[in-house]
Asker: 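Please see the structure below; I have some questions.
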Amino acid sequence: MPELPEIEASKRVLAPRLRGDSLVSCRILSPGFCRNPSARRLEKLSGRAIRGLARRGKYLAIELEGSTPLILHLGMSGRLILDGRGPHERFEIQTTRHRLSISDPRRFGRVLFRFPKLGAEPLGPGFSPRILAELLRRRKAPVKALLMDQRLVAGLGNIYATEALFEAGVRPGKAGGRLSRAEIERLARASRRVLRRAVRLGGSTLADQAYLDPLGKPGRAGAAASLYGRAVGRCGHPLRSTRRLIAGRRAIYCPVCQR
DNA sequence: ACGAGTACCTGGCAGC
DNA sequence: TGCTGCCAGGTACTCG
């Protein structure tokens with residue numbers, strides 16, 4: 001489940017290797033994988049030079065000379081593979097020196113020509129307790145659902161939202177608009193801290209959906225998780241999951257540390 | 001505008 | 001052992 005840190009880690013691996021290359025071809029290997037970009041539109045990219053890579057939320061953009069960027073999203077099970085082969089390859093880019101593919105068993109990944117509407121960049125300079133307070137104001141939805149809503153904050157998914165809420169001591173089911181000033185302050189800081197730490201560790205590698213960077217190297221942030229994938233928290237308390245579904249799934253929390 | 005629910009998709013695993 | 005069926009999860013859609 002690639003979230004912001006995994007995409008950032010992938011970008012850092014790919015950027016120095018792909019910069020300066022030109023696209024030779026883009027191919028959809030699995031029919032129906034990319035809904036929007038027609039094969040024709042992809043063909044038009046051939047020959048264009050890669051200026052660089054950029055990340056926005058969980059989206060990775062390949063910036064091209066004289067064209068809108070080619071944007072990749074890995075869904076929940078996607079992985080980028082540079083100069084290698086993997087199972088379930090859905091999309092492939094051939095450049096002058098490299099081959100980059102998306103391996104995505106569950107086919108939730110996407111290839112786009114422009115970013116969807118995305119909210120605040122949590123590691124960007126604009127993200128502050130004040131901004132977060134603005135986003136949560138008067139909202140009745142559970143704070144975890146709001147945190148994972150990409151139109152509000154771009155980059156947090158289940159793993160890092162779970163971790164950020166734990167570090168902030170806030171229960172996932174609490175209505176966004178009911179967080180105190182102090183809680184919002186802690187949550188904004190915790191979100192940044194959790195993401196920055198994971199970026200530093202090269203992303204999460206968790207038991208069920210191991211993240212591997214484009215060269216096949218695992219990240220080290222999974223072992224650092226306080227709640228995610230555990231029955232007993234790093235805090236030593238047995239964890240609980242909400243009975244109510246939040247954003248369509250149960251949320252894990254520590255009943256002692258999160259109030 | 002907001003919040004909830006569901007479809008999409010497939011590997012993995014619990015339960016029989 | 002082998003089958004069934006449920007679950008995970010990000011996004012986009014619909015519905016109230």
Side-chain angles (χ1 to χ4, degrees), chain A residues 1-8 10 28-37 55-61 71-80 86-91 102-122 133-165 172-179 191 195 198 203-212 219 221-222 225 227-231 239 241-253:
Chain A
M1 22 195 115
E3 302 180 28
L4 185 153
E6 288 74 39
I7 304 303
E8 182 63 29
S10 296
I28 296 167
L29 304 177
S30 209
F33 177 66
C34 317
R35 275 141 258 196
N36 345 21
R55 180 194 58 75
R56 178 86 172 85
K58 305 175 191 174
Y59 293 79
L60 181 67
I71 296 164
L72 311 180
H73 189 279
L74 300 178
M76 65 161 283
S77 61
R79 176 160 103 71
L80 291 162
H88 314 291
E89 289 192 334
R90 311 294 183 192
F91 184 72
I102 296 179
S103 156
D104 181 11
R106 293 180 202 177
R107 307 165 69 121
F108 282 176
R110 260 144 236 257
V111 177
L112 312 160
F113 283 100
R114 69 175 131 95
F115 289 111
K117 187 179 163 347
L118 294 170
E121 191 64 45
E134 192 67 30
L135 296 172
L136 300 182
R137 202 160 59 108
R138 283 202 269 268
R139 299 293 297 258
K140 295 198 171 88
V143 60
K144 184 172 178 230
L146 297 170
L147 219 46
M148 292 194 299
D149 186 336
Q150 303 301 299
R151 294 165 301 183
L152 302 181
V153 181
L156 287 164
N158 195 33
I159 298 174
Y160 297 108
T162 299
E163 294 293 312
L165 285 163
K174 188 162 186 174
R178 300 191 69 120
L179 265 67
S191 303
L195 290 171
S204 285
T205 298
L206 296 158
D208 85 326
Q209 282 295 320
Y211 164 76
L212 300 173
L227 295 197
Y228 196 87
R230 308 170 65 114
L239 302 178
S241 83
T242 58
R243 182 171 306 186
R244 189 163 64 105
L245 297 183
I246 295 174
R249 61 191 73 105
R250 276 166 227 297
I252 306 292
Y253 68 98

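All figures in this text were calculated on a predicted structure; none of them were measured in a lab. So that the names make sense, note that chain A is the first sequence line, chain B the second, and so on, each numbered from 1. In what follows, every heavy atom counts, from backbone to side chain, and hydrogens, waters and symmetry copies are set aside.
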Asker: Using whole Å, what does the distance between atom C1' of nucleotide C:dA8 and atom CZ of A:Phe108 come to?
Answerer: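 Between C1' of C:dA8 and CZ of A:Phe108: 9 Å.
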Asker: What's the CZ-C1' distance between A:Arg106 and C:dC6, to the nearest Å?
Answerer: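 That distance rounds to 12 Å.
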Asker: Nearest whole angstrom, please: distance from the C1' of C:dG10 to the CZ of A:Arg249.
Answerer: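 Computing the A:Arg249:CZ to C:dG10:C1' distance gives 7 Å.
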Asker: Answer whether the closest heavy-atom distance between the side chains of A:Lys144 and A:Asn158 falls below 4.5 Å.
Answerer: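 Answer yes - side chains close enough.
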Asker: A:Gln150 side chain to A:Leu156 main-chain N or O, any donor-acceptor pair under 3.5 Å?
Answerer: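 Checked: pair present.
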Asker: Does OP1 or OP2 of C:dG10 have a side-chain N or O of A:His73 closer than 4.0 Å?
Answerer: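 Checking C:dG10 against A:His73, no side-chain N or O comes under 4.0 Å of OP1 or OP2.
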Asker: In whole Å, I'd like the distance from the NZ atom of A:Lys144 to the C1' atom of C:dG10.
Answerer: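 Result: 12 Å.
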Asker: Determine the contact category for A:Pro142: base if any of its heavy atoms lies under 4.0 Å from a base atom, sugar-phosphate if only primed atoms, P, OP1 or OP2 are that close, otherwise nothing.
Answerer: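 Sugar-phosphate: the residue A:Pro142, judged by heavy atoms under 4.0 Å, touches backbone atoms but no base.
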Asker: In terms of the nearest nucleotide of DNA chain C, which residue is placed more toward the 5' end: A:Arg250 or A:Arg151?
Answerer: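 Between the two, 5'-proximity favours A:Arg250.
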Asker: Heavy-atom distance under 4.5 Å between the side chains of A:His73 and A:Ile7, does that happen here?
Answerer: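 No, too far: nothing below the 4.5 Å cut-off.
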Asker: Output yes when a side-chain donor or acceptor of A:Glu163 lies under 3.5 Å from a complementary backbone atom of A:Leu227, and no otherwise.
Answerer: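 Side chain of A:Glu163 to backbone of A:Leu227, a donor-acceptor pair under 3.5 Å: yes, one is there.
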Asker: When you get a sec, tell me which of B:dG11, C:dG10, C:dT11 is the closest nucleotide to the side chain of A:Tyr59?
Answerer: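 Side chain of A:Tyr59 sits closest to C:dT11.
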Asker: For C:dT11, does OP1 or OP2 lie under 4.0 Å from any side-chain N or O of A:Lys58?
Answerer: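 It does, given that an N or O in the side chain of A:Lys58 lies less than 4.0 Å from OP1 or OP2 of C:dT11.
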Asker: Using whole Å, what does the distance between atom P of nucleotide C:dT11 and atom CG of A:Leu72 come to?
Answerer: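 My rounded result for the distance is 14 Å.
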Asker: Report the residue (A:Ala247 or A:Ala141) whose heavy-atom-nearest nucleotide on DNA chain B is the more 5′ of the two.
Answerer: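 Per heavy-atom nearest nucleotide, the more 5' residue is A:Ala141.
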Asker: Five pairs at each end of the helix from B:dC2-C:dG16 to B:dC16-C:dG2: take the axis at both ends and give me the angle between them to 10°.
Answerer: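 Here the local axes at opposite ends form an angle of 50°.
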Asker: Quickly work out the A:Arg107 CZ to B:dA7 P distance and round it to whole Å.
Answerer: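 Nearest whole value for this atom pair: 18 Å.
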Asker: How long is the line joining CZ of A:Arg243 and C1' of B:dA4, in whole Å?
Answerer: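 In whole Å, B:dA4 C1' and A:Arg243 CZ are 19 Å from each other.
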Asker: Considering all heavy atoms of both residues, which atom of A:Leu112 and which atom of A:Pro116 are nearest to each other, and what is their separation?
Answerer: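 The pair with the smallest heavy-atom distance is CD1-CD, 4.3 Å.
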Asker: Using whole Å, report how far CZ of A:Arg139 lies from P of B:dG3.
Answerer: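 In whole Å, B:dG3 P and A:Arg139 CZ are 4 Å from each other.
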Asker: Has A:Ser77 got a side-chain atom pairing as donor or acceptor with A:Asp104's backbone, closer than 3.5 angstrom?
Answerer: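 Such a contact is absent between A:Ser77 side chain and A:Asp104 backbone.
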Asker: Nearest nucleotide by nearest heavy atom, which residue falls closer to the 5' end of DNA chain B, A:His88 or A:Arg244?
Answerer: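 The answer here is A:Arg244.
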Asker: Reckon A:Gln150 has a side-chain N or O less than 4.0 Å from the OP1 or OP2 of C:dG10?
Answerer: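 For C:dG10, OP1/OP2 do not have a side-chain N/O of A:Gln150 under 4.0 Å.
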Asker: So A:Ser30 and A:Arg107, do their side chains get closer than 4.5 Å, heavy atoms only?
Answerer: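 In contact.
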